Amino acid sequence: MKKLLIVGLLLFSFTSFAQDDVSVKGNKVSMKGTAPVWIGCEDAEDTKTCFNNMLMKHIKENIKYSKNAKGEWIRGKAVVKMEVNEEGNVVVNSVESKHPELKAEAKRLMESIPEMTPGKLAGKPKAIKYTIPLTF
């Protein structure tokens, strides 16, 4: 009777701790991952396209172009490496550019992105990394 009870508890524990979005077929384990969702894109049919559109809109509405000491507009490129962390906040890891003014503006612009629903892997929040090129 004790053995039957132990076997029953083991079977129950395996089924109660199974993860959502994880499937095992033979030797292959698959975990479903989802990208971060921008606020307002929760009900969108394609959340990735909505994310990209909202990011472009944010950049267009919030970018500030810098001038040099002569009063000329600074032109150039900046590459931003950032991530949307487990809390849904944007963290800028690095910015590459020849011009320090463009580095500062690119960092400010990306850090001003609003908090969003974080990406998930196997149903748990996961930081998702992005590399975004900007042309000024």
Side-chain angles (χ1 to χ4, degrees):
M1 183 67 176
K2 287 182 184 180
K3 291 180 183 179
L4 183 62
L5 179 63
I6 292 172
V7 170
L9 288 174
L10 284 174
L11 289 175
F12 176 74
S13 65
F14 286 134
T15 59
S16 64
F17 290 110
Q19 294 181 348
D20 295 332
D21 301 329
V22 176
S23 64
V24 179
K25 293 180 182 176
N27 290 337
K28 185 177 178 184
V29 177
S30 299
M31 292 186 275
K32 182 180 176 188
T34 58
V37 180
W38 199 286
I39 294 175
C41 292
E42 297 87 4
D43 297 328
E45 198 170 299
D46 185 4
T47 55
K48 288 183 182 180
T49 301
C50 185
F51 179 92
N52 291 338
N53 292 338
M54 294 299 279
L55 178 62
M56 292 305 298
K57 181 180 175 186
H58 174 77
I59 290 170
K60 287 178 184 176
E61 291 177 354
N62 294 296
I63 196 166
K64 294 179 182 172
Y65 293 96
S66 303
K67 292 185 179 183
N68 61 15
K70 297 178 186 177
E72 300 168 333
W73 297 107
I74 299 173
R75 296 177 152 239
K77 293 182 180 182
V79 177
V80 180
K81 293 184 181 182
M82 63 174 215
E83 66 181 39
V84 178
N85 65 14
E86 291 88 356
E87 289 83 36
N89 298 315
V90 173
V91 177
V92 176
N93 296 328
S94 69
V95 181
E96 297 172 12
S97 179
K98 292 191 297 185
H99 306 282
E101 298 88 354
L102 297 184
K103 280 185 179 181
E105 176 57 19
K107 184 173 182 175
R108 183 203 65 82
L109 185 62
M110 292 299 123
E111 288 178 342
S112 68
I113 292 174
E115 185 176 325
M116 59 188 79
T117 305
K120 294 182 180 182
L121 181 63
K124 296 179 182 178
K126 171 98 171 111
I128 307 293
K129 296 182 179 189
Y130 292 94
T131 301
I132 301 174
L134 298 171
T135 302
F136 292 86

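Predicted, not measured: the structure shown is a model, and the values here were computed from it. Index from 1, following the sequence.
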(request) Apply side chain to side chain donor-acceptor pair (under 3.5 Å) to the pair Ser66 and His99, showing each step before the final yes or no. (result) CA-CA 10 Å; Ser66 303; His99 306 282; over 6 Å; no
(message) I'd like to check the side-chain contact (heavy atoms from CB on, under 4.5 Å) partners of Lys60; sequence neighbours left out, ordered by chain and number.
(response) none
Would you list the atom pairs, donor with acceptor, under 3.5 Å between side chains in residues 103-110 and any protein atom, with sequence neighbours excluded?
| residue | atom | partner | partner atom | Å |
| --- | --- | --- | --- | --- |
| Glu105 | OE1 | Arg108 | NE | 3.0 |
| Glu105 | OE2 | Lys64 | N | 3.0 |
| Glu105 | OE2 | Arg108 | NH2 | 2.6 |
| Arg108 | NH2 | Asn62 | O | 2.7 |

(message) Taking side-chain contact (heavy atoms from CB on, under 4.5 Å) as the definition, give me every residue that meets it alongside Pro125, ordered by chain and number, with sequence neighbours left out.
(response) Glu86, Pro118
(message) Applying disulfide (SG to SG under 2.5 Å) as the test, list every pair that has at least one member in residues 63-136; sequence neighbours left out.
(response) none
(message) Give me each pair satisfying disulfide (SG to SG under 2.5 Å) with a member in residues 30-109, each pair once, sequence neighbours excluded.
(response) Cys41-Cys50
(request) Just grab all the side-chain hydrogen bond (donor to acceptor under 3.5 Å, both in side chains) pairs involving residues 42-52, residues at least two apart or on different chains. (result) Asp46-Thr49
(request) Calculate, to the nearest 0.5 Å, the distance between atoms CD1 and CE belonging to Ile39 and Met54 respectively. (result) 9.0 Å
(message) Taking ring-ring contact (aromatic ring centres under 6.0 Å, His included) as the cut-off, I'd like each qualifying pair that reaches into residues 105-129, sequence neighbours left out, listed once.
(response) none
(message) Testing the basics here: between Val84 and Met116, what is the closest heavy-atom pair and its distance to 0.1 Å?
(response) CG1-CG, 4.0 Å
(message) Would a single hydrophobic cluster contain both Ile63 and Val95, if residues Ile, Leu, Val, Met, Phe, Trp and Tyr are joined by side-chain heavy-atom contacts under 4.5 Å?
(response) yes
(request) Under the side chain to side chain contact (heavy atoms under 4.5 Å, CB included) rule, what do Ile113 and His58 come out as? Steps first, then yes or no, please. (result) CA-CA 7 Å; Ile113 292 174; His58 174 77; 3.6 Å; yes
(message) Applying a strict under-4.5 Å side-chain criterion to I, L, V, M, F, W and Y, I'd like to know whether Val90 and Val37 cluster together.
(response) no
(request) Evaluate side chain to side chain contact (heavy atoms under 4.5 Å, CB included) for Leu55 paired with Asn53, printing each intermediate quantity in order. (result) CA-CA 5 Å; Leu55 178 62; Asn53 292 338; over 6 Å; no
(message) Quick check on the hydrophobic clustering: are Val92 and Ile128 connected, directly or via other members, by side-chain heavy-atom contacts under 4.5 Å?
(response) yes
(request) Verify the cluster assignment for Leu134 and Leu102: are they in a single hydrophobic cluster under the rule of side-chain heavy atoms below 4.5 Å apart? (result) yes
Report all side-chain donor-acceptor pairs from residues 73-83 shorter than 3.5 Å, counting only partners two or more places apart or in another chain.
none

(request) State which residues pass side-chain contact (heavy atoms from CB on, under 4.5 Å) with Glu61; sequence neighbours excluded, sorted by chain then number. (result) Lys57
(message) Once side-chain hydrogen bond (donor to acceptor under 3.5 Å, both in side chains) is applied, do any residues pair with Thr131, and if so which ones, sequence neighbours excluded?
(response) none
(request) Please collect all ring-ring contact (aromatic ring centres under 6.0 Å, His included) contacts where either partner lies in residues 37-56, sequence neighbours excluded, each pair once. (result) Trp38-Phe51, Phe51-Tyr130
(request) With sequence neighbours excluded, give me every disulfide (SG to SG under 2.5 Å) pair touching residues 99-136. (result) none
(request) Supply the atom-to-atom distance Asn85 CG to Lys129 NZ, rounded to the nearest 0.5 angstrom. (result) 12.0 Å
